[in-house]
2 protein chains.
Amino acid sequence: MNKLTDFFKVLSDETRLRILILLYHKKLCVCEMCGITGESQPKISKHLAKLRDIGLVKDERQEQFIFYDLNLNEQVYKGILEKIVDNINDYPVLKSDIEKCKHAEKYLESCRR
Amino acid sequence: MNKLTDFFKVLSDETRLRILILLYHKKLCVCEMCGITGESQPKISKHLAKLRDIGLVKDERQEQFIFYDLNLNEQVYKGILEKIVDNINDYPVLKSDIEKCKHAEKYLESCRR
DNA sequence: CACTTATATACTTATATGAGTATATAAGTA
DNA sequence: TACTTATATACTCATATAAGTATATAAGTG
């Protein structure tokens, strides 16, 4: 059951929740996630590291960028994220993130600030 | 969204998760929950207090006992608990709790140890 | 009204967690 | 091979959290 409670601990942090909901929709690289969420790179990277450690995401380098993708083995986890997405209108921040992620590429250029 | 992340923080503690899944099945008093889970009374009470504070459970006195019941306003929350229950075979502790809660009354007598 | 019982809370302590800043690493490019 | 860029990690500090023990409270009972 630790795996389940650990999963909920992941979701209990807003930044991580935003990341997971983003990745639920699209494979993204770190600087895209920074751009979309407005959070700093170390912050995003650190949370991604946690997600990676417990196997919820996987990373893959594509040229200069490292792209992250969901890696949800358990059906339960997928179902829970799905519940949130189904009620996305209740969560404006998540909804706005998803909108922005449709044009994620534009955050690639502006990666360096 | 804080409400959502707070909900997940609730679920990230094993004791609270056990309590919520129990209450999902049956209205219970504190000492029944202690008996079923094997956890101490202050521990259970403290976690119930948190659940009460954020409005996830409601309490009601019946004679000597104070019974707790789920108070899930949001459909999302109900849906998430449902996902867990649907996969209860993956979580032996929760499954055993539910079994025990079918005979919860017997923990009323033995409340005082 | 004293006593018991069920539950709640206070206090202490140990541990975990997250943020920010600075720095390291590793791959790509000139 | 030096330089840049993208990402990861280390370090520090402030805050949050959970557990255990002791104690308070509030209702019921003799």
Side-chain angles (χ1 to χ4, degrees), chain A residues 1-2 5-20 23 27-54 57-69 104-113, chain B residues 1-2 5-20 23 27-54 57-69 104-113:
Chain A
M1 173 154 54
N2 279 357
T5 51
D6 285 351
F7 177 66
F8 287 128
K9 185 156 295 175
V10 162
L11 298 182
S12 74
D13 179 89
E14 171 163 339
T15 306
R16 284 190 300 257
L17 181 56
R18 293 175 75 184
I19 291 174
L20 285 184
L23 296 181
K27 190 185 287 202
L28 291 168
C29 79
V30 177
C31 68
E32 287 174 324
M33 292 186 246
C34 292
I36 291 169
T37 62
E39 299 290 350
S40 76
Q41 177 268 317
K43 185 168 174 178
I44 295 292
S45 273
K46 240 183 311 183
H47 285 297
L48 283 170
K50 290 204 184 192
L51 296 174
R52 200 177 344 106
D53 286 349
I54 60 177
V57 302
K58 55 176 189 284
D59 58 335
E60 177 194 1
R61 179 175 282 269
Q62 284 179 22
E63 293 149 40
Q64 327 112 283
F65 305 109
I66 297 182
F67 279 83
Y68 281 82
D69 197 2
E105 311 76 42
K106 79 174 181 191
Y107 296 103
L108 280 182
E109 316 159 2
S110 57
C111 185
R112 193 113 262 264
R113 72 219 45 188
Chain B
M1 174 153 55
N2 281 355
T5 49
D6 285 350
F7 179 66
F8 288 128
K9 186 156 294 177
V10 162
L11 298 183
S12 75
D13 179 89
E14 170 163 340
T15 306
R16 284 192 298 258
L17 181 57
R18 292 174 75 183
I19 290 174
L20 285 182
L23 295 181
K27 190 185 288 201
L28 291 169
C29 79
V30 177
C31 67
E32 287 174 324
M33 292 187 245
C34 293
I36 291 169
T37 62
E39 299 289 352
S40 76
Q41 177 268 317
K43 185 168 174 178
I44 295 292
S45 273
K46 240 182 310 183
H47 285 299
L48 283 170
K50 292 205 181 191
L51 296 174
R52 198 176 346 107
D53 287 349
I54 59 176
V57 302
K58 56 175 188 285
D59 58 337
E60 176 194 2
R61 182 173 280 269
Q62 284 179 22
E63 293 149 40
Q64 325 109 285
F65 306 107
I66 296 182
F67 279 82
Y68 281 83
D69 198 2
E105 312 75 43
K106 79 174 181 191
Y107 296 103
L108 280 181
E109 316 158 2
S110 58
C111 184
R112 194 110 261 267
R113 68 216 48 186

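Letters A, B, ... mirror the listed sequences (proteins, then strands); counts begin at 1. Note that the structure is a prediction, hence the values are computed from the model and not measured.
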Inset, instruction - Look at the side-chain N and O atoms of B/Lys9 and state whether any lies under 4.0 Å from the OP1 or OP2 oxygen of D/dA16. - result: no
Inset, instruction - Could you say whether B/Cys29 or B/Lys46 is positioned toward the 5' end of DNA chain C, judged by the nucleotide with the nearest heavy atom to each? - result: B/Cys29
Legend entry - Closest nucleotide among C/dG28, D/dA27, C/dT17 to the B/Arg61 side chain: D/dA27
Legend entry - Which nucleotide in C/dA22, C/dT9, C/dT17 has an atom nearest any side-chain atom of B/Ser45: C/dT9
Legend entry - B/Leu48 vs A/Asp13, nearer the 5' end of DNA chain C by closest nucleotide: B/Leu48
Inset, instruction - Please determine, for the side chain of A/Ile66, which listed nucleotide (D/dT17, D/dA8, D/dG28) has the closest atom? - result: D/dA8
Legend entry - A/Arg52 (side chain) donor-acceptor with A/Asp59 (main chain) under 3.5 angstrom: no
Legend entry - Touch class at under 4.0 angstrom, heavy-atom based, for A/Tyr68 against every strand present: sugar-phosphate
Inset, instruction - Record whether the side chain of A/Glu63 comes under 3.5 Å of the base of C/dA27 through a donor-acceptor pair of N or O atoms. - result: no
Inset, instruction - Examine distances only and state if a side-chain atom of A/Arg61 and a backbone atom of A/Glu63 form a donor-acceptor pair shorter than 3.5 Å. - result: yes
Legend entry - Side chain of A/Thr15 (C-beta onward), nearest among C/dA19, C/dT7, D/dA8: C/dA19
Inset, instruction - Say whether, by atom type as modelled, one donor and one acceptor occur between the side chain of B/Arg16 and the main chain of B/Lys9 under 3.5 angstrom. - result: yes
Inset, instruction - Select one nucleotide: of C/dT7, C/dA8, D/dA19, the one nearest the side-chain heavy atoms of B/His47. - result: D/dA19
Legend entry - Proximity to the side chain of A/Arg16 - top-ranked nucleotide from C/dA6, C/dG18, D/dT7: C/dG18
Inset, instruction - Would you indicate, yes or no, if D/dT21 has its OP1 or OP2 atom less than 4.0 angstrom from a side-chain nitrogen or oxygen of B/Lys43? - result: no
